[in-house]
Amino acid sequence: MVGAGSEGGAPFHDRWVVSAKAGLRMGTSFNSLGHKDSEISVLDPEEVRRVNGVAERYFSKEIREWEGKRVFYQSFDLVP
């Protein structure tokens with residue numbers, strides 16, 4: 001999870017499901033799927049590379065500030 005400032009606003013809005021070569025753009029949160037009309041679209045190869053580049057900058061915690069606010073990171077394990 002990534003947030004910025006005391007209110008924890010995210011420095012990005014879109015949601016993606018990506019691998020090294022393919023991906024989907026989700027127009028809504030996973031919680032809203034099936035409850036609201038929303039867009040799900042296939043990413044073209046260039047967009048997959050761009051999204052992976054953005055994600056890598058966050059995964060490596062390279063980005064430390066967004067709009068003058070400190071970026072903080074939190075990770076957790078998903079256990080069934």
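Being a predicted model, the structure only gives us computed values, none of them experimental. When a residue number appears, it is its place in the shown sequence, counting from 1.
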State the NZ-CD1 distance between Lys61 and Ile63, to the nearest 0.5 angstrom. 13.0 Å
Is it true that atom CZ of Phe72 has more than 12 heavy atoms of other residues, nucleotides or ligands lying nearer than 6.0 Å? yes
Passes side chain to side chain contact (heavy atoms under 4.5 Å, CB included), Leu43 versus Leu24? Steps please. CA-CA 5 Å; Leu43 299 176; Leu24 298 173; 5.8 Å; no
Give the cluster check for Phe59 versus Val18: same hydrophobic cluster or not, with ILVMFWY residues linked at side-chain heavy-atom distances below 4.5 Å. no
Could you check if a side-chain atom of Glu56 sits within less than 4.5 angstrom of a side-chain atom of Asn52, using non-hydrogen atoms only? no
Sub-3.5 Å donor-acceptor pair from the side chain of Asp44 to the main-chain atoms of Glu46, do we have one? yes
CZ-CZ distance between Arg64 and Arg70, expressed to the nearest 0.5 angstrom: 6.5 Å
Identify the two heavy atoms, one from Lys69 and one from Gly5, that lie closest to each other, and give their separation to 0.1 Å. CB-N, 3.7 Å
What heavy-atom pair brings Tyr58 and Tyr73 nearest, and what distance separates the two atoms? O-CE2, 3.2 Å
